[in-house]
Amino acid sequence: MQDSASVAIVGAGIAGLTMALCLARNGIAADIFEQAATLDEVGAGLQLSPNASRILVELGLLPALEDVWSEPESITLVDGRSLRPLAEVPAGANARKRWAAPYGVLHRASLQEILLNAARSEPRCRLHLGSRIEGDPVAAVAAATGRRPTVVIGADGIWSQARAAIPGAGAVRFSGSIAWRLLLPRAGASACLSSNRITAFLGPRAHLVAYPLREIDGFNLVAIVDGKSSDAEWVGKESEERRLEFAAAFEAWHPDLRSMIENAVSATYWPLCTVDEGAWHNGRDIILIGDAAHAMSPFAAQGAAMAIEDARELAHCLAACAEAPAAFARYEHARRARIARVRKRAAFNRFAYHARGPVRVARNLVLALKGAEALAADLDWLYGYDASERKKR
């Protein structure tokens with residue numbers, strides 16, 4: 001882009017801050033607008049697979065990440081009723097060797113803080129907290145800065161306001177699943193949990209993912225169950241009705257898991273929504289990244305990773321192209337197929353994780369026959385992805 005270009009980012013979450021840092025690495029300054037007066041990341045734990053952590057390493061953030069995260073030795077699939085191990089994918093040192101980047105787990109707030117500190121120390125990143133961008137984002141940014149932006153990047157999540165400025169953008173849709181996020185002190189953990197692995201417990205119409213969080217000396221639990229969205233809340237505190245629905249989803253599970261869930265604290269539920277296929281930009285000056293463009297179900301644990309990949313790719317395209325429309329087209333060409341493949345993998349995982357009856361038996365047999373090496377190889381396309389290779393286009 002030309003030196004006179006002005007870039008604005010709407011949203012200072014993981015997507016927006018990573019976007020700003022990737023732009024700065026390419027010599028492009030940006031104004032980041034965030035409606036919140038303070039940045040308090042919601043949610044609990046976060047998995048950073050190698051395709052995402054590789055980009056954060058490029059940004060010089062690995063030492064800060066290593067101070068707070070854990071690198072589990074494996075990702076293990078376990079039957080939620082019997083606690084019988086079904087399959088294992090090596091991670092830890094194997095992830096660094098196979099995919100040339102670490103696989104880490106940490107609290108979302110920790111990543112938010114790391115990105116925020118990096119942005120505040122970068123002169124090309126200008127953060128505007130307590131600044132809500134409404135209506136026409138180009139006009140709103142111009143009013144706030146006194147300068148019409150060349151590019152506005154909507155990184156404001158699934159309930160994006162910037163999306164309304166994109167003709168033909170995808171609509172938000174309830175996915176049919178609800179996520180419960182819980183924190184479990186180490187003292188309340190069952191023996192089926194380990195501080196050196198990510199464990200996914202699988203069962204009919206539900207699954208539970210557990211992994212250690214150093215920051216709380218305990219575990220993050222994410223339980224995803226089939227259900228209905230009875231209200232418009234994006235995130236809600238537990239209620240007696242919701243808790244009963246939650247307990248019913250696990251009534252046939254192993255007693256150790258049921259007890260562990262009952263002892264967890266800070267329970268919140270999230271109706272899981274996705275964004276349908278649609279336009280990501282207006283062809284001129286506004287473009288969406290991350291959940292604002294293509295929010296997907298979390299069955300592949302790739303929501304944050306796709307936003308981080310988006311940021312790396314769009315920054316490269318903006319730096320390489322003289323005009324925004326050309327950059328947008330180049331970016332979309334690079335990302336559409338990737339996003340579609342990850343969506344497909346998430347849909348497959350949902351089918352497999354929540355399988356019942358004969359399908360469940362077949363799933364367990366296939367997992368047992370494949371083995372750890374074959375399962376890791378199945379993930380090479382996902383975890384081994386390196387956005388820098390796209391420069392060859």
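Scope of the values below: all heavy atoms of this structure, side chains included, with no hydrogens, waters or symmetry mates.
D79 places no side-chain N or O within 3.5 Å of a backbone atom of R84 that could act as its donor or acceptor partner. Side-chain atoms of R163 come within 3.5 Å of backbone N or O of I158 as a donor-acceptor pair. For Q112 (side chain) and A12 (main-chain N/O), a donor-acceptor pair under 3.5 Å exists by modelled atom type. For the pair E34 (side chain) and A36 (backbone), a donor-acceptor distance under 3.5 Å is present. For S121 (side chain) and A118 (main-chain N/O), a donor-acceptor pair under 3.5 Å exists by modelled atom type. At distances below 3.5 Å, at least one donor-acceptor pair connects side-chain atoms of T145 with backbone N or O atoms of V141. No donor-acceptor distance shorter than 3.5 angstrom exists from the side chain of R205 to the backbone of H354, with no hydrogens or angles considered. With hydrogens and angles disregarded, a donor-acceptor distance shorter than 3.5 Å links the side chain of T18 to the backbone of I14. Of the possible polar contacts, none joining the S190 side chain to the M260 backbone as a donor-acceptor pair under 3.5 Å is found. Using modelled atom types, one side-chain atom of D136 and one backbone atom of V138 make a donor-acceptor pair closer than 3.5 Å.
For R312 and E58, the salt-bridge test passes: some basic side-chain N is under 4.0 Å from an acidic carboxylate O. A salt bridge links E71 with R96: the distance from a Lys NZ or Arg NE/NH1/NH2 to an Asp or Glu carboxylate oxygen falls below 4.0 Å.
Smallest separation of non-hydrogen atoms from F219 and S194: CE2-O, 3.3 Å. Nearest heavy atom pair, residue E332 against residue H281, reads OE1-NE2, 2.8 Å. For the residue pair M19 and A315, the shortest heavy atom distance occurs at CE-N, 3.6 Å. Listed here is the closest heavy atom pair of V151 and L318: CG2-CD2, 4.3 Å. Among all heavy-atom pairs drawn from A140 and E134, the shortest one is CB-O, 3.5 Å. Listed here is the closest heavy atom pair of A377 and R98: CA-NH2, 3.3 Å.
For an aromatic pair to be called close, the ring centres must be under 6.0 Å apart, and F250 with H207 fails this. For H316 and Y331, the ring centers sit 6.0 Å or farther from each other. Note: Y383 and Y103 meet the aromatic proximity criterion, with ring centroids under 6.0 Å apart.
Both V225 and F174 belong to a common hydrophobic cluster when Ile, Leu, Val, Met, Phe, Trp and Tyr are linked at side-chain heavy-atom distances under 4.5 angstrom. Two different hydrophobic clusters hold L127 and V152 under the rule that ILVMFWY side chains link at heavy-atom gaps under 4.5 Å. Hydrophobic clustering of Ile, Leu, Val, Met, Phe, Trp and Tyr side chains at less than 4.5 Å, counting indirect connections, keeps L129 apart from V10. Hydrophobic clustering of Ile, Leu, Val, Met, Phe, Trp and Tyr side chains at less than 4.5 Å, counting indirect connections, keeps F33 apart from V7. No path of Ile, Leu, Val, Met, Phe, Trp and Tyr side chains, each step under 4.5 Å between heavy atoms, connects V359 with Y353, placing them in separate hydrophobic clusters.
In summary, the side chains of R350 and S177 do present a donor paired with an acceptor at a separation below 3.5 Å, with no hydrogens or angles considered. Checked by atom type, the side-chain pair R345/N349 shows a donor-acceptor distance below 3.5 Å.
Considering only heavy atoms from C-beta on, F201 comes within 4.5 Å of W253 through its side chain. Proximity of H107 to L46: side-chain heavy atoms (C-beta onward) are nowhere separated by under 4.5 Å. Side-chain atoms of L56 and L65, non-hydrogen and from C-beta on, do get closer than 4.5 Å to each other. Residues I9 and D156 are not in side-chain contact: their nearest non-hydrogen atoms beyond the backbone lie 4.5 Å or more apart. A 4.5 Å side-chain heavy-atom check between N220 and V209 finds every atom pair outside the cut-off. Side-chain contact between E313 and R335 is present, with at least one heavy-atom pair separated by less than 4.5 Å. Contact annotation: the side chain of L17 approaches that of L116 to within less than 4.5 Å [non-hydrogen atoms, C-beta and beyond]. Proximity of L272 to I224: side-chain heavy atoms (C-beta onward) are separated by under 4.5 Å at one or more points.
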(request) With salt bridge (charged side-chain N to carboxylate O under 4.0 Å, His left out) as the test, would you mind laying out the steps for E277 and R336 before giving the verdict? (result) CA-CA 10 Å; E277 289 289 334; R336 280 284 182 184; 3.1 Å; yes
(request) Applying side chain to side chain contact (heavy atoms under 4.5 Å, CB included), run through L202 and V78 and close with a yes or a no. (result) CA-CA 6 Å; L202 312 184; V78 176; over 6 Å; no
(message) Between L257 and R81, is the side chain to side chain contact (heavy atoms under 4.5 Å, CB included) condition met? List the steps.
(response) CA-CA 9 Å; L257 290 176; R81 291 182 171 183; over 6 Å; no
(message) Pair L221, R181 - check side chain to side chain contact (heavy atoms under 4.5 Å, CB included), show working.
(response) CA-CA 6 Å; L221 306 180; R181 302 180 187 273; over 6 Å; no
(message) Assess the residue pair I198 and V89 against the criterion (side chain to side chain contact (heavy atoms under 4.5 Å, CB included)); give the C-alpha distance rounded to whole Å, side-chain angles, the decisive distance to 0.1 Å, and a yes or no.
(response) CA-CA 10 Å; I198 299 168; V89 177; over 6 Å; no
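The cationic group of R338 lies under 6.0 Å from the six-membered ring centre of Y385 and within 45° of the ring axis, placing it in a cation-pi geometry. By the 6.0 Å and 45° rule, R54 does not stack over the aromatic ring of W99. Geometrically, R214 does not engage W69 in a cation-pi contact defined by less than 6.0 Å to the ring centre and at most 45° from the axis.
Considering CZ of R120 and SG of C125, their distance stands at 11.5 Å, rounded to 0.5 Å. Here the straight-line distance linking atom OG of S74 with atom CD of E88 works out to 3.5 Å at 0.5 Å rounding. Of the inter-residue distances, the one linking N26 atom CG with L21 atom CG reads 11.5 Å to the nearest 0.5 angstrom. Note that CD1 of I75 and OG1 of T199 are 10.0 Å apart. Values are rounded to the nearest 0.5 Å. Remark: S195 OG to L213 CG distance equals 12.0 Å, nearest 0.5 Å. Taken to the nearest 0.5 Å, the CG atom of N94 stands 9.0 Å off from the CD atom of E373.
The side chain to side chain donor-acceptor pair (under 3.5 Å) check on N51 picks up S49, Q302, E309, with sequence neighbours excluded.
Counting heavy atoms of neighbouring residues, nucleotides and ligands inside a 6.0 Å radius, atom CZ of R186 exceeds 12 of them.
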Indicate every side-chain donor-acceptor pair of residues 284-294 with a distance under 3.5 Å to a residue at least two apart or in another chain.
from: D285; atom 1: OD1; to: N282; atom 2: ND2; distance (Å): 2.8
from: H294; atom 1: ND1; to: G290; atom 2: O; distance (Å): 3.4
from: H294; atom 1: NE2; to: D310; atom 2: OD2; distance (Å): 2.6

